[in-house]
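Here is how names work: the chains are called A, B, and so on, in the same order as the sequence lines, proteins then strands, and each is numbered from 1.
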Protein chains: 2
Amino acid sequence: MDIKMDIKMGIGALAKRTRCKVETIRYYEQTGLMPNPPRSSGGHRVYGDGHLKRLSFIRKARTLGFSMDNIKSLLALMEADHLSCGEVAEKAELHLKDVRQRIQALQNMEQTLSLTLADCHRGSNPECAIIDFFTQDADDD
Amino acid sequence: MDIKMDIKMGIGALAKRTRCKVETIRYYEQTGLMPNPPRSSGGHRVYGDGHLKRLSFIRKARTLGFSMDNIKSLLALMEADHLSCGEVAEKAELHLKDVRQRIQALQNMEQTLSLTLADCHRGSNPECAIIDFFTQDADDD
DNA sequence: CTATATATCTATAGTCACTAGAGATATAAG
DNA sequence: CTTATATCTCTAGTGACTATAGATATATAG
């Protein structure tokens, strides 16, 4: 009759299932991103299905680059009675903009680095592109 | 006869010319990335051309994503008697690899986010792609 | 010159998102 | 029951800054 009761697990098991360090889970609890779970008689944290879901969400959002603060408000929005996905989408869109800017910046880096490296002849040449590049100052203000 | 003597400037001027905050300059000094400069009679830091060059280098390398530790060793390499650009290039190449990986990761994010957002119909639809997306847990281990 | 405004000084604490360690207790496996 | 492993709390450290408070120095105006 217990084909699918809610799983109970310790912090280690939760950590394994979410690929999240134990310390990080406790840290999330401390900052309010995760709720205080019930405890065993000996004081160990006991987690259930809901915790697993919530932490999975948090980890997914974090690897997508959302800040903890952002995630906190996303969770709050999604927990409102009627899921107001409009507001969630708005936040996600803002974040997407930010991600795109970061890609741009990194691609600029990549260009500069790879071009500079291409011009470097590994010490055989007295005037080396890398050293030169770094040594010049861009003085325009 | 003083057509081009070495400029002397305070920390504020140096900050302006390198677009680097005053506090950051002092922080770099504290961590050993910048040397202790000479002081005025009243104890204010006095910088010259060399400091400007060094700080420009540091800022450029930082915006290229090099870590402070990395920059420290780059500077050490470049200050060796004979500029051994081979080692500098080696470090730069390693870093380039890292930059490329970060671009990849961000592009994955971008994909996921923009696809998910494209499927969201702003609350008009009861089953929203964003909410769905975040709510599913990827359980593969 | 003085009076004021601005710049700089030191030292300390805060940020974000974790990560690491010490030392004590709980639970699981043999 | 003994041991091994897991978990507990609390504190401090990371990187690269940023911010604050309160004191002193320098630049500018009159």
Point to revise | Touch class at under 4.0 angstrom, heavy-atom based, for B/T31 against every strand present | key: nothing
Check your understanding: So do B/S73 and B/D69 actually touch side chain to side chain, heavy atoms under 4.5 Å?
Key -> no
Exercise for review: To the nearest Å, give me how far apart CZ (A/R39) and P (D/dA6) are.
Suggested key: 18 Å
Review point. Should A/Y28 be listed as having a side-chain N or O under 4.0 Å from OP1 or OP2 of C/dC18?
Key: yes
Review point. For B/R62 and D/dC17, is the shortest distance between a side-chain N/O and OP1 or OP2 below 4.0 Å?
Key: yes
**Study point:** Rounded distance (Å) that lies between atom C1' of D/dA6 and atom CE of A/M9
**Key:** 16 Å
**Study point:** B/S40 side chain near D/dT26 phosphate (N/O to OP1/OP2, under 4.0 Å)
**Key:** yes
Point to revise | Short side-chain N/O contact from A/T24 to OP1 or OP2 of C/dA17, under 4.0 Å | key: no
Point to revise | 5′-ward residue of the pair B/G43/B/K21 relative to DNA chain D | key: B/K21
Point to revise | For B/D98, the option from B/R102, B/Q101, B/H95 that meets side-chain hydrogen bond (donor to acceptor under 3.5 Å, both in side chains) | key: B/R102
Review point. How long is the span from the CD1 atom in B/I103 to the CD1 atom in A/I103, to the nearest 0.5 Å?
Key: 8.5 Å
Review point. Base, sugar-phosphate, or nothing: which does B/R26 touch, judged by heavy atoms less than 4.0 Å apart?
Key: base
